[in-house]
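Values in this document were obtained by computation on a predicted structure and should not be read as measured data.
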Amino acid sequence: MYQLALFGAGRIGKVHASTVAKHPQCRLSAVVDVNAEAAQALATQYGARVARAEEVFADKTIDGILICSATNTHADLIEAGARAGKVIFCEKPIDLGLERIQTCLNVVAEHKAKLFVGFNRRFDRNFRQLKESLAAGEIGKPELLIITSRDPGPPPISYIQVSGGLYKDMMIHDLDMITWLMDEMPIAISAHGSCMVDPEIGQAGDVDTATVTLEFASGALGIITNSRRTSYGYDQRIEVHGDNGMLQAGNILENTVVKSNPDGVKGAKPVYFFLERYMDSYAKELEAFMSIFDGAEPEVDGSAGERSLRLAEAALESLRTGVKVRL
């Protein structure tokens, strides 16, 4: 039974605490959070203790750490975990700056630490099946890949101000997905964005409606569309068109009942948000992380975190300058 410590008792920390509690090979041993009340509540719920960061890193009985705290703490905690010999899971992003990410990854390499970055959508069973079918050549050579990702509503402005914005916070998942699916890096990126949902988002220096187009050396094109608003639920779809067919992964619906009558055909909406949509993927992600203790290499390592942020930075440059950015 491996002992894990959790940094961050907020919404995503609670998700990971729940998956740890259901996994037969690990136990939540300690919870660390600047909010003492939140830390205590989560620790009590899962039979863990509240601890300080330095206590976790000094505790030889703690085998791994799950970093789900504020983004500006991620790199420091990764480095401390590497120096302490812990197996490390970190929610995306590693940091909002490429230079800081590289410094952090150098420390990870220096100490030969194992770092797993939390791009959980790779573990969605439908997206994973699409990836396997694509890799098996079932539709031939991919020519056009379209990712749609739309939230039911925007986060608070206070969150947007510290999140790095839509490209680094929201689209970063899609940028990771598109390189994972295509198994190659794009050679150019073009971005467009606007504020259609909330003018306060624009006043905070961000956009809430965005697209990017990515060009690949193979000639394939990738298109990502993001919105902070949908009236019909959490919209998460992928389509890949190839020279011998097409692959699609659609939304998860509230139910599969379809009513057909003379007035038309009506079905259920997509589930509301990421907690409903991706809980199974978080569990699969933890399984992949736990395999590191059995000798496996991290399936999603630090290079994925660096690569996705590099693409987000390029998209922001294109948005700012209005021109295509060569990579």
Side-chain angles (χ1 to χ4, degrees), residues 71-72 92-103 117 119 121 142-231 234-241 303-327:
T71 296
N72 63 359
K92 64 81 193 167
I94 295 172
D95 192 80
L96 295 177
L98 286 170
E99 186 175 339
R100 183 68 184 97
I101 288 178
Q102 193 55 63
T103 301
V117 179
F119 285 112
R121 295 182 190 180
E143 298 174 345
L144 183 62
L145 191 154
I146 302 170
I147 296 180
T148 299
S149 182
R150 299 168 186 157
D151 287 355
I157 298 298
S158 58
Y159 174 82
I160 286 174
Q161 290 171 333
V162 299
S163 69
L166 182 146
Y167 289 93
K168 292 185 179 182
D169 172 58
M170 180 179 175
M171 190 180 286
I172 196 168
H173 278 291
D174 306 311
L175 294 167
D176 173 71
M177 284 293 295
I178 208 162
T179 54
W180 178 62
L181 290 169
M182 293 295 294
D183 200 26
E184 63 172 314
M185 278 290 286
I187 59 172
I189 186 168
S190 304
H192 296 85
S194 62
C195 277
M196 302 291 290
V197 178
D198 186 347
E200 287 193 32
I201 293 176
Q203 292 166 16
D206 196 15
V207 298
D208 54 37
T209 307
T211 67
V212 297
T213 301
L214 303 105
E215 302 173 27
F216 294 87
S218 63
L221 297 177
I223 299 171
I224 298 171
T225 70
N226 279 182
S227 175
R228 293 286 194 183
R229 173 176 60 197
T230 60
S231 60
Y234 193 37
D235 196 355
Q236 300 281 290
R237 292 172 283 129
I238 296 176
E239 175 182 299
V240 187
H241 180 265
S303 66
E306 189 273 341
R307 180 173 60 244
S308 58
L309 193 84
R310 186 175 297 280
L311 292 175
E313 289 274 23
L316 281 168
E317 181 183 347
S318 174
L319 180 68
R320 184 168 53 250
T321 62
V323 298
K324 180 191 302 184
V325 173
R326 296 284 178 180
L327 300 167

Supply the atom-to-atom distance [X] [atom1] to [Y] [atom2], rounded to the nearest 0.5 angstrom.
X	Y	atom1	atom2	answer
M185	F216	CE	CZ	8.5 Å
H192	T225	NE2	OG1	14.0 Å
I189	S318	CD1	OG	7.0 Å
I146	T211	CD1	OG1	12.0 Å
I172	M177	CD1	CE	14.0 Å

Applying salt bridge (Lys or Arg N to Asp or Glu O under 4.0 Å), name anything that partners R307, two or more places apart in sequence or on another chain.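 With neighbours one apart ignored, the set is empty.
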Sequence neighbours excluded, which residues qualify as salt bridge (Lys or Arg N to Asp or Glu O under 4.0 Å) partners of D208?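 Once residues adjacent in sequence are excluded, D208 has no partner under the salt bridge (Lys or Arg N to Asp or Glu O under 4.0 Å) criterion.
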Partners meeting side-chain hydrogen bond (donor to acceptor under 3.5 Å, both in side chains) with [X] (sequence neighbours left out):
X	answer
T230	none
R150	Y232, D235
T103	none
N226	D174

Applying salt bridge (Lys or Arg N to Asp or Glu O under 4.0 Å), which residue pairs with at least one partner in residues 182-199 are found, sequence neighbours left out?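 As it turns out, there is no salt bridge (Lys or Arg N to Asp or Glu O under 4.0 Å) pair with a partner in residues 182-199 once direct neighbours are skipped.
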Please collect all salt bridge (Lys or Arg N to Asp or Glu O under 4.0 Å) contacts where either partner lies in residues 157-170, sequence neighbours excluded, each pair once.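 Listed once each, the pairs are K92-D169, K168-E313, D169-R228.
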Please enumerate all residues that pass ring-ring contact (aromatic ring centres under 6.0 Å, His included) together with H241, with sequence neighbours excluded.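 For H241, no residue satisfies ring-ring contact (aromatic ring centres under 6.0 Å, His included) once neighbours in sequence are set aside.
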Holding to ring-ring contact (aromatic ring centres under 6.0 Å, His included), I want the full list of residues that pass it with Y167, two or more places apart in sequence or in another chain.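 With sequence neighbours excluded, Y167 shows a ring-ring contact (aromatic ring centres under 6.0 Å, His included) to no residue whatsoever.
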Flag side-chain contact, heavy atom, 4.5 Å: [X] against [Y]:
X	Y	value
L175	I224	yes
L96	T71	yes
S190	V212	no
I94	L309	no
R121	S149	yes
L166	I201	no
L181	I238	yes
V240	L144	no

Taking only distance into account, with no hydrogens and no angle test, what donor-acceptor pairs under 3.5 Å do side-chain atoms of residues 319-327 form with protein atoms, sequence neighbours excluded?
| unit_1 | atom_1 | unit_2 | atom_2 | d |
| --- | --- | --- | --- | --- |
| T321 | OG1 | E317 | O | 2.8 |
| T321 | OG1 | V323 | N | 3.4 |
| K324 | NZ | E215 | OE2 | 2.9 |

Would you find a donor on one side and an acceptor on the other, under 3.5 Å apart, between the side chain of S227 and the backbone of R229?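 Indeed, once roles are kept as given, a pair shorter than 3.5 Å links the two residues.
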Which heavy atom of [X] sits nearest to which heavy atom of [Y], and what is that distance?
X	Y	result
P142	A220	O-CB, 3.6 Å
A204	I160	CB-CG2, 4.5 Å
L311	P186	CD2-CG, 3.6 Å

If the condition is side-chain contact (heavy atoms from CB on, under 4.5 Å), which residues does Q203 pass it with, not counting sequence neighbours?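 Result, side-chain contact (heavy atoms from CB on, under 4.5 Å) vs Q203: P199, E200.
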